[in-house]
Visitor: 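Please see the structure below; I have some questions.
Order of the sequence lines fixes the chain letters, A, B, ..., with proteins taken first and strands second; residue numbering starts at 1 for each chain.
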2 protein chains.
Amino acid sequence: MKIVPEIIQKLTEAGLKITPQRVAVMQTLMKLKSHPTAEELYAEVSKTIPGLSPTTIYNTLDTFVDRGLVKRVKTDLDRMRYDAITEHHHHLYCAISDRMEDYFDPELDRILSDYFTRKKINGFNVTDIRLQLMGDFENKAKQ
Amino acid sequence: MKIVPEIIQKLTEAGLKITPQRVAVMQTLMKLKSHPTAEELYAEVSKTIPGLSPTTIYNTLDTFVDRGLVKRVKTDLDRMRYDAITEHHHHLYCAISDRMEDYFDPELDRILSDYFTRKKINGFNVTDIRLQLMGDFENKAKQ
DNA sequence: TCCCTAAATTGTATTTATTACAAACATGGT
DNA sequence: ACCATGTTTGTAATAAATACAATTTAGGGA
Ligand SMILES: [Mn+2]
Ligand SMILES: [Mn+2]
Ligand SMILES: [Zn+2]
Ligand SMILES: [Zn+2]
């Protein structure tokens, strides 16, 4: 569970300088599974980096997205959210609580992949299939 | 193809007063298949209603969404988009051009519905399945 | 058809998330 | 250790959306 060296490696591979801010942002994003907003990340990362500027959060996240280290996700509300998981996956989402959780399902992916290999869509070339499963969490604690 | 009486009926059924602004917004939204933003709607509807206020666009769309006459859709960019089609359907989306088109596929819906009837997700009750098919349009004119 | 009232529209002022910018600072290669 | 370049910070600016109060309009009842 040594996460910091892992992060340092990621940053290095992406050609980015290692800064306390970047390490802390990535670490926090990997820890929080809630797909946090920039604001939520700012609150959390500030605990570690006292002088932190909100701008740095935005800059850092933009840079991470650019380099493919992080993905943006949207919900029905008007704020961008961020996801440290870059591998293909889907989301469970409850519009009422605005809660979002990851959903991995290789069997489903296989079915969808097969389906769209067979079924061609006229004038459109599918490169990725994202599912948003809307519904309610039988709330077993908010994460 | 008499669309206005149809719109008037929709508005009446929703318990809303018939105003030129509302009729024009709905008409424009039904005509444009592009899932326009409030701003794009404002530009288009202004042609018909000269004194139109942007606020009216926002108010009207909010009201329509409240009453279920219209749905909000999101893309990867930071603007809300609107959809006059309220029946269940999916979207084809190209992140590069930010172009979005509707995708109806009952066969696919059947497959997904069957799959999630069998496969229970622990702690989550699925009520709707939305697919966003990412990819590129072999652009046959931007609609 | 006219009145009246509730509902809708408008213009303006705010809010809120995000972005732009330039100065200060820190990283990492030499 | 030094320097150049990339990064962070604080502040100012944007842009979408919302709040609000004054004005206007729709449409049901007289
Ligand atoms: Mn915004
Ligand atoms: Mn916004
Ligand atoms: Zn995720
Ligand atoms: Zn649609």
Visitor: Rounding to a whole Å, what distance do you find between A:Q21:CD and D:dG6:C1'?
Guide: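 Rounded to the whole Å, the gap is 12 Å.
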Visitor: State whether a side-chain donor-acceptor pair under 3.5 Å links B:D105 with B:H90.
Guide: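 There is no such pair (donor and acceptor under 3.5 Å, judged by atom type) between the side chains of B:D105 and B:H90.
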Visitor: Parallel under 30°, tilted from 30 to 60°, perpendicular over 60°: which one fits the rings of B:H35 and B:H91?
Guide: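 Ring orientation, 0 to 90° scale: perpendicular.
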Visitor: For the atom pair CD1 (B:I49) and CD (B:E44), what is the distance rounded to the nearest 0.5 Å?
Guide: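 So the gap between those two atoms works out to 12.0 Å.
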Visitor: Whole angstroms only, please: what is the OH-P distance between B:Y58 and C:dT14?
Guide: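 Rounded to the whole Å, the gap is 19 Å.
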Visitor: Taking NZ, NE, NH1 and NH2 as the nitrogens, is one of them in A:E13 or A:R67 under 4.0 Å from a carboxylate oxygen of the other?
Guide: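 Looking at A:E13 and A:R67, the cut-off is not met.
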Visitor: Categorize B:T56 for me: base, sugar-phosphate, or nothing, with a 4.0 angstrom heavy-atom threshold over every strand shown.
Guide: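 Touches a base.
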Visitor: As a test of reading the structure: which of D:dT9, D:dA26, D:dT8 is closest to the side chain of A:S53, going by heavy atoms?
Guide: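 Among D:dT9, D:dA26, D:dT8, the one nearest the side chain of A:S53 is D:dT9.
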Visitor: When rounded to the nearest 0.5 angstrom, what is the spacing between OG1 in B:T60 and CG in B:L41?
Guide: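 Going from the OG1 atom of B:T60 to the CG atom of B:L41 covers 10.0 Å.
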Visitor: Can you see if the side chain of A:R22 gets near the phosphate of D:dT7 - specifically, an N or O under 4.0 Å from OP1 or OP2?
Guide: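 Yes, because at least one side-chain N or O of A:R22 sits under 4.0 Å from OP1 or OP2 of D:dT7.
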Visitor: For the pair made of CG in A:D62 and C1' in C:dA17, what is the distance, rounded to whole Å?
Guide: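 Going from CG in A:D62 over to C1' in C:dA17 covers 12 Å.
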Visitor: Over how many whole Å does the gap from A:N59 atom CG to D:dT9 atom P extend?
Guide: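 Rounded to the whole Å, the gap is 9 Å.
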Visitor: Would you say the side chain of A:K17 and the base of D:dT5 hold a donor-acceptor pair, judged only by whether the two atoms sit under 3.5 Å apart?
Guide: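 Answer yes: a donor N or O sits under 3.5 Å from an acceptor.
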Visitor: Among D:dT8, D:dA26, C:dT18, which nucleotide sits nearest the side chain of A:A38?
Guide: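 Closest nucleotide to the A:A38 side chain: C:dT18.
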Visitor: Measure from CE on B:M80 to P on C:dT18 and round the result to the nearest Å.
Guide: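 So the two atoms are 12 Å apart, to the nearest Å.
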Visitor: For A:I18 and C:dG29, what is the distance between atoms CD1 and P respectively, to the nearest whole Å?
Guide: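 Rounding to the nearest Å, CD1 of A:I18 and P of C:dG29 are 10 Å apart.
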Visitor: Quick one: on DNA chain D, does B:L16 or B:R81 contact a more 5' nucleotide (nearest heavy atom)?
Guide: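 It is B:R81 whose nearest nucleotide is closer to the 5' end.
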Visitor: Over how many whole Å does the gap from A:F64 atom CZ to D:dG6 atom P extend?
Guide: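 Result: 17 Å.
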Visitor: Can you tell me if the side-chain N/O atoms of B:T19 get under 4.0 Å from OP1 or OP2 in C:dT9?
Guide: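 True: B:T19 side-chain N/O within range (under 4.0 Å) of C:dT9 OP1/OP2.
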Visitor: Please work out if A:T55 contacts a base, only the sugar-phosphate, or nothing of the nucleic acid, heavy-atom cut-off 4.0 Å.
Guide: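 If one applies the 4.0 Å heavy-atom cut-off, A:T55 turns out to touch a base.
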Visitor: On DNA chain C, does the nearest nucleotide to B:G15 precede the nearest nucleotide to B:P54 from the 5' side, or the other way round? Give the residue.
Guide: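 Its nucleotide being nearer the 5' end, the pick is B:G15.
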Visitor: Between atom CG in B:L61 and atom P in C:dA8, what is the gap in whole Å?
Guide: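 Computing the B:L61:CG to C:dA8:P distance gives 14 Å.
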